[in-house]
Amino acid sequence: MELVELWAIFGPAFSGAVFGAGWWFWVDAVVCSSVKVSFVHYLPGIFASLAALMFNCVRKEDIDYSPYEEGEWRLKLWLFLAYVISFVSLAASVGLLIKDALEKSGTSAWTGTAGANVGVNYGFLGNNLPPAGTAINIMKSERIPQVRLFEPRADVLDALRGSGIKVSLGTRNEDLPSLAGNPAAAANWVRYWILPHKNNVYFGWITLGNELVPGGYAGYLVPAMNNMRDALIAVGLRYTKVSTSVPLSVLSASYPPSAGTFSSQTAGTMSQILSWLASTGNPIFLNCYPYFAYAAQPQQISFEYATFQSKTPVVIDGNFKYYNLFDAMLDAFIVAMQRTGHGNVQIVVSESGWPTAGQAPFTSPNNAKIYNQNMIYHVKNSGTPRRPRTKFDTFIFATFNENLKPGGIEQNWGIHYHDGQRAYPLYF
């Protein structure tokens, strides 16, 4: 068959499938997004659909006759209007995309690039938590796209099979010396924990330890990450990222953000870690908690600034204006990275959240809801003043309240109570 004949047979079906897929992706994005989409954003699609319907109301045979035939001019006028509507719809959609991408105040709904994903930290320090299968089903029902595990557990990895949830899997801190000192130890770790689930669990990241800088294990991090990366590549997982998580306390200065500096105790180690991450294209995981700064200095830091509610800039640092503490903290860390020569290393916010109890009046379910919902909205749609077009994948701390932690706020970070019931409504 000639190509023209094949196109005549299959072309309309292909075009219809592409058009239908466009509407499917749009509806799916609107339904799953926490962003309220104004009706004007629907208009280009509606009018493009109208133009497609107008095109399909005309048969090719009807316009093959002489232009002097009666009714021919009506068909051509009809098609001309369909073309105009189609072109205007395309121009309007591009115009809205550019307008939203250039939005400078507040957050924009559509920027032309993929937004960040927001997931949860799933800890195990409780003796009354739901079974792993129930926990993962809760995440699926609430459309939580990614989860961070502090250590590998067989029951959780089994429950994650086929879930589609992106996983950040951590190693135990005490495993660092062996993983750093022997490539075979990293290979065995991957063989035991990763390989059996390789085809059914989406491993996005492997993190070596948690908050080890500064400390006795810090010197093991770079060789351990290197051995882990080699082990992952050996089993075909070259796109799984390797990293470690650090607390914001690795900074000795963070205010204003342009003063961001690693402390004398952490600067050398952080420089080595960032150098390795930059050379291998891996991110740094950062634990970032505006809550602690707010609770420690409520007279200096307003609740609105701590919870993404300030309508005016609170901190003006040169050309950069800060409406929330979260952005100021991230930018201080970015400045500190720049001082090491590795300011372009990607950041994943590995922990952030707000406790529901344990330190009144700062803690309550409503305060936690305000912070976490606003954070989800913010990171999905905005970067920081220094990285305005960067979207930071983020993990909320935590999935459940954990009763084996120390008393007070440490037991009350969960977006769910220990039995799986929501502590407050939250939309991902």
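This is a predicted model, so every value here is computed, not measured.
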Hey, would you say the [X] and [Y] ring centroids sit under 6.0 Å apart?
X: Phe326; Y: Tyr305; answer: no
X: Phe400; Y: His416; answer: yes
X: Phe308; Y: Tyr371; answer: yes

Inset, instruction - Quick one: sort the His197 and Phe203 rings into parallel, tilted or perpendicular, breaks at 30° and 60°. - result: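 Because their plane-to-plane angle is over 60°, the rings of His197 and Phe203 count as perpendicular.
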Inset, instruction - Take the angle between the ring planes of Phe285 and Trp205 and call it parallel below 30°, perpendicular above 60°, tilted in between. - result: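 The arrangement is perpendicular - the two ring planes meet at more than 60°.
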Ignoring hydrogens and angles, tell me if any N or O in the side chain of [X] forms a donor-acceptor pair with the backbone of [Y] under 3.5 Å.
X: Asn401; Y: Tyr417; result: no
X: Gln373; Y: Ala368; result: no
X: Thr244; Y: Leu208; result: yes
X: Asn403; Y: Asn127; result: yes
X: Asn182; Y: Ser178; result: no
X: Ser254; Y: Gly260; result: no
X: Asn412; Y: Gly408; result: yes
X: Ser271; Y: Ala267; result: no
X: Asn137; Y: Gly133; result: yes
X: Glu402; Y: Leu125; result: yes

Quick check: closest heavy atoms across [X] and [Y], and the distance to 0.1 Å?
X: Val349; Y: Ser352; result: CG1-CB, 4.1 Å
X: Trp78; Y: Met54; result: NE1-O, 2.9 Å
X: Leu169; Y: Pro152; result: CD1-CA, 3.6 Å
X: Gly164; Y: Tyr202; result: O-CD2, 4.3 Å
X: Thr356; Y: Ala423; result: CG2-CB, 4.4 Å
X: Ser89; Y: Phe47; result: OG-CB, 3.2 Å

Heavy-atom side-chain contact between [X] and [Y] under 4.5 Å:
X: Ile376; Y: Tyr427; answer: no
X: Val314; Y: Ile301; answer: no
X: Pro145; Y: Lys166; answer: no
X: Val250; Y: Pro247; answer: yes
X: Leu248; Y: Leu286; answer: yes
X: Val167; Y: Leu149; answer: yes
X: Phe395; Y: Glu351; answer: no
X: Thr399; Y: Asn121; answer: no

Legend entry - Row check, Tyr122 ring normal vs Arg148 NZ/CZ: under 6.0 Å, within 45°: no
Legend entry - Full working for side-chain contact (heavy atoms from CB on, under 4.5 Å) between Thr280 and Val242: CA-CA 9 Å; Thr280 56; Val242 177; over 6 Å; no
Side-chain H-bond candidate by donor/acceptor type, [X] with [Y], under 3.5 Å:
X: Asn372; Y: Tyr424; value: yes
X: Asn287; Y: Glu211; value: yes
X: Ser243; Y: Asn282; value: no

Could you give the distance from [atom1] ([X]) to [atom2] ([Y]), rounded to the nearest 0.5 Å?
X: Thr363; Y: Ile409; atom1: OG1; atom2: CD1; value: 8.0 Å
X: Asp393; Y: Ser350; atom1: CG; atom2: OG; value: 11.5 Å
X: Ile138; Y: Ile144; atom1: CD1; atom2: CD1; value: 8.5 Å
X: Gln297; Y: Ser302; atom1: CD; atom2: OG; value: 12.0 Å
X: Met139; Y: Thr134; atom1: CE; atom2: OG1; value: 11.0 Å
X: Met337; Y: Leu251; atom1: CE; atom2: CG; value: 10.0 Å

Is it the case that over 12 heavy atoms from other parts of the model lie below 6.0 angstrom from the [atom1] atom of [X]?
X: Phe124; atom1: CZ; result: yes
X: Lys321; atom1: NZ; result: no
X: Asn344; atom1: CG; result: no
X: Phe362; atom1: CZ; result: yes

Inset, instruction - Start with the C-alpha distance between Lys391 and Val379, add both sets of side-chain angles, then the distance that settles side-chain contact (heavy atoms from CB on, under 4.5 Å), and finish with yes or no. - result: CA-CA 6 Å; Lys391 305 299 189 296; Val379 301; over 6 Å; no
Inset, instruction - Carefully, step by step, assess Glu142 and Arg422 under the rule salt bridge (Lys or Arg N to Asp or Glu O under 4.0 Å). - result: CA-CA 11 Å; Glu142 296 176 3; Arg422 275 285 184 90; 2.9 Å; yes
Inset, instruction - Output, in order, the C-alpha distance, side-chain angles, deciding distance and verdict of side-chain contact (heavy atoms from CB on, under 4.5 Å) for Met375 and Thr307. - result: CA-CA 8 Å; Met375 181 180 67; Thr307 56; over 6 Å; no
Legend entry - With Phe292 via ring pair (Phe, Tyr, Trp, His ring centres under 6.0 Å) - residues at least two apart: Tyr289, Trp413
Legend entry - By ring pair (Phe, Tyr, Trp, His ring centres under 6.0 Å) - contacts of Phe303 (at least two apart):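 Tyr294, Trp354.
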Inset, instruction - Test Gln359 against Tyr291 for side chain to side chain donor-acceptor pair (under 3.5 Å), laying out the working first. - result: CA-CA 11 Å; Gln359 196 178 4; Tyr291 170 79; 2.5 Å; yes
Legend entry - Qualifying residue for side-chain contact (heavy atoms from CB on, under 4.5 Å) with Tyr322, from Pro313, Pro257, Ser310, Pro256: Pro257
Inset, instruction - Begin with the C-alpha distance, continue with both residues' side-chain angles, and end with the deciding distance and a verdict on side-chain contact (heavy atoms from CB on, under 4.5 Å) for Thr207 and Thr171. - result: CA-CA 6 Å; Thr207 56; Thr171 68; over 6 Å; no
Legend entry - Of all pairs that satisfy side chain to side chain donor-acceptor pair (under 3.5 Å), the ones with a partner from residues 216-241, not counting sequence neighbours: Asn226-Trp276
